[in-house]
Every structure is written in C-alpha cells, then in structure tokens.
Amino acid sequence: MTTELRVLRDAEFDTWYANLELAFGGVPESPEEVALWRELTGFDRSIGVWDGGETVGTTGAFAFRITVPGGEQVPAAGVTMVSVRPTHRRRGLLRRMMRRQLDDVRAWGEPLAVLTASEPDIYGRFGYGIATHTMSVRIDTARVRLSVPPGTDGVRLRLSKPGEARDACEAVYARRVAARPGMLARQPGWEGLPLLDPADNREGASPLQCVLAEEDGRTVGYARYAVRPDWAAAGANGTVLVRDAEALTPAAYAALWRYLTEIDLTSYVTAHNRPVDDPLLHLVSDVRRCEARVKDSLHVRLVDVGAALAARTYRGAVDVVLDVADDFCPWNAGRWRLTGDQKGASCERTEDAADLALSVRELGSAYLGGVSLAALAGAGRVRELREGALEEAAAAFGSDVAPWLPHGF
C-alpha cells in the first residue's frame, strides 16, 4: 500500500472532515457545526493520510492553554478529529499519525498533549493516561429538594437570549478557569461552541435557553439549558437538559440549580458533564435520586516530562527521582529529579538512584491531581524503590479540587 501522510490543505477540508464523519457512524453534522469546526481548525496543525485521491486518515491538534495545579495555564495540544477509514484499519495508519503528531507537538514547544477518547483503550499505547473524570446526573425533582446557603434569596435571576448573554457568560467562565485544573482558557472563536444549537440535534427539546445570576448588578453566574416537554397519564413529565452552569459565589450557584430544578411542567433535570466533586452533590436532599454516574474524560500525555512537571506546583514539598519509561517518545525515558512545593518546581535529568518507577502514562494520569499515584501503585503501575517516596509523591501531586474538562473538542 502506498499512502501519503501530510499536512491538511484548505481545499481538502470537506473531504477530510467527511472521512471523520464516516468513522463516527456516517451521519453528517449540521452545516452550522461543520462551519464552526472549520473556523477553529488550524490547517497547519492538522494532518491526514491519503490513498490516491481519497482521505483515509485524519487527526488535528488545537492550540490550547490548560489550567494545571497552582493555577497556571500551560500550552497543550488538543488532539482531535482522529479517524481511520474502515477499509484501511490494521495497517498502522493511526500509529503513523500519532508518531508524526507527537513529533510536531514537541517541535512546537508544547509540553502536553490532551484528548478525549471515543474508546478509552486506544490511546494508552501512545502514552496517554486518564487524568480527569466527568459526572452525569439525572435528578428526580419530585423527590429531591435543595438546601441552599445564606444569601441565595438575594440573587437575581434573569432570562436572556444565549447569544446576547455570551459576553457576560464568557467573563464568568474566564474567572473560573484558574480555579480548577483541567479547565481550558477559551481562545478566540471557542466562545461559539457552547452556543451551538442545530435544530436537527434537539430531539424534541426547546431551543437553547440561558439564565443569568446577578448580585449587586453584576453577572456572577449563568446556566444554559433546554427543556424537553413530555406528558404522562398523571400529567407533565418534562426534562430540563443542562448544558453548562458556572457561578462565582455559592449563593449564585445554588440559585441557578434551584431555578433549574423548579421549572414548571418538568420532573427531571439532566446534566452530562459535571465535575466529580460538584457542590451540587451537597445541595441535594437525596443524592441517590440524582443517579450520579462517572466516566473517563480528559486523557493527558506528557510530551516533555521535564517542562510539564516543572510547569505545575505541588500540594506539599516533594523531592523525588522518577525513573520514567516511554517507548513511544524515548526522549522522555530515564531518570528525572522532581523538586517542588506550593511555590514552584524544577524537574531535571539526574544520575541519582530512582525513588519511583513508572511509565509516562501514569504521569499523565496523575499530572492534574485527580488520580493518585498511590492508587496506581495499588494496581501495580507505579513501583516504589525508596521507602516513603510513594506517600510523599502521592500527597504532593494531589489537587484540592477535582480536575475537570468543561467541554469537549
């Protein structure tokens, strides 16, 4: 087989994207969605494989900045739009694209690559580790009450058209980014993603709606949602579909969720992407009636181990030598001395004896503070070589809040 792997050209986008749609079931996306992704796609950061005139493989890498423990926003390649044509599977095309892509990311000077996986078992062999999880809820509002904090009744709620409220919502979102590892600083153009609302995708729900929370005349929170009406023999049985909800104060957050759970003619509230430590779990009267479920979300790959580990801070003092295995990016392999605390860190090559042995995949899982090195050691994926090193490193790598990816890409 003779195939060509190269950077995507502007004129090839439609056929390149059509191959992606085919790989994900063949249902064409709406013109609105395709137009947004075309606008956001960096053609010089996207590659494809061509067999003759046909596109048979695709992948891209958005230029992101992601919050890491300590609040800094670190450059990261957002790996996206990965596909291989069904007729060309098991020919090494995915491996070739991953090899080229990680070489490019290293050349761009971005210490991290991140992705969300349609199938989570695919990317571990390329050094990606599951670093964040996401929670979905389905709240039975007939049986669940909210216990709200003082000040909630003083929050003013105001309905607004989503487009008209965009700037106010983005200002709130921007202030939330530094507070939680895993959140993405939205680059220009990305503010359109939460507003995508193709009519063909609503499945009987209303157009997107927005409610703003205000305190002292300032917007301090928002929720974007739709309502899917339904009727049972006993009466109204609709569902509120929450797309996102953010707030700067506990009172505003509680006011938004109280509003969402009390919308007339509805019996349920669903949300499919919430942090696993969402304060919502502590507002509700019966968490079992919220049907909380957790699954993997962001997968992280350290492209430059030294730069990545030095870019974040650590919850406690740490001085540990890591013996890192990385077959796919061998420039990372070997021993690294990580020294850091809450103020900063350094990570340099060393010849000193190793304290912990692990692969770059485990470092990716632990990097944002949501997966414990101790838990990975319990699964046999981290080996302690110096007594006490595991406890020290596991405590230092942790985060006070669970890392979370607020939207896909």
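- A cation-pi geometry, defined here as NZ or CZ lying under 6.0 Å from the six-membered ring centre and within 45° of its normal, does not hold between Arg243 and Tyr225.
- Aromatic ring centres of Phe62 and Trp190: separated by under 6.0 Å.
- Donor-acceptor pairing under 3.5 Å is lacking for the side chains of Thr313 and Gln342.
- Heavy-atom contacts from other residues, nucleotides or ligands closer than 6.0 Å to CZ of Arg383 number 12 or fewer.
- In this structure, Tyr173 has its ring center at least 6.0 angstrom away from the ring center of Tyr222.
- The number of heavy atoms from other shown groups lying within 6.0 Å of CD (Glu291) is above 12.
- A salt bridge links Asp153 and Arg258; the closest N-O separation between the charged side-chain nitrogens and carboxylate oxygens is under 4.0 Å.
- Sparse packing is recorded around CG of Asp200, with 12 or fewer heavy atoms of other residues, nucleotides or ligands lying under 6.0 Å away.
- Within 6.0 Å of CZ in Arg349 there are more than 12 heavy atoms belonging to other residues, nucleotides or ligands.
- In the model, Thr67 has no side-chain atom that pairs as donor or acceptor with a side-chain atom of Glu72 under 3.5 Å.
- Using a 3.5 Å distance cut-off with no hydrogens or angles, the side chains of Ser365 and Glu362 do not pair a donor with an acceptor.
- Judged by distance alone, with hydrogens and angles left aside, the side-chain atoms of Ser46 form a donor-acceptor pair with the main-chain N or O of Gly42 at under 3.5 Å.
- Note on Asp400 versus Arg315: salt bridge recorded, some NZ/NE/NH1/NH2 to OD/OE distance being below 4.0 Å.
- Counting heavy atoms of neighbouring residues, nucleotides and ligands inside a 6.0 Å radius, atom CG of Asp327 does not exceed 12 of them.
- In this structure, a donor-acceptor pair under 3.5 Å is present between the side chains of Asn237 and Ser267.
- Taking 4.0 Å as the cut-off between side-chain N and carboxylate O, Asp319 and Arg337 count as a salt-bridged pair.
- For Arg95, the CZ atom sits in a loose shell: 12 or fewer heavy atoms of surrounding residues, nucleotides or ligands are nearer than 6.0 Å.
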**Prompt:** What do the steps show when you test Asn273 against Trp404 for side chain to side chain donor-acceptor pair (under 3.5 Å), and what is the final call?
**Reply:** CA-CA 9 Å; Asn273 182 18; Trp404 174 56; 2.9 Å; yes

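- Using modelled atom types and a 3.5 Å distance limit, the side chains of Glu29 and Asn201 yield no donor-acceptor pair.
- Relative to the ring axis of Tyr314, Arg312 places its NZ or CZ within 45° and under 6.0 Å from the centre.
- For the pair Glu392 and Arg386, the salt-bridge criterion is met [side-chain N within less than 4.0 Å of a carboxylate O].
- Dense packing is recorded around CZ of Arg38, with more than 12 heavy atoms of other residues, nucleotides or ligands lying under 6.0 Å away.
- A donor-acceptor contact closer than 3.5 angstrom links the side chains of Asp278 and Tyr253.
- Shown here is Asp216, whose CG atom has no more than 12 heavy atoms of other residues, nucleotides or ligands within 6.0 Å.
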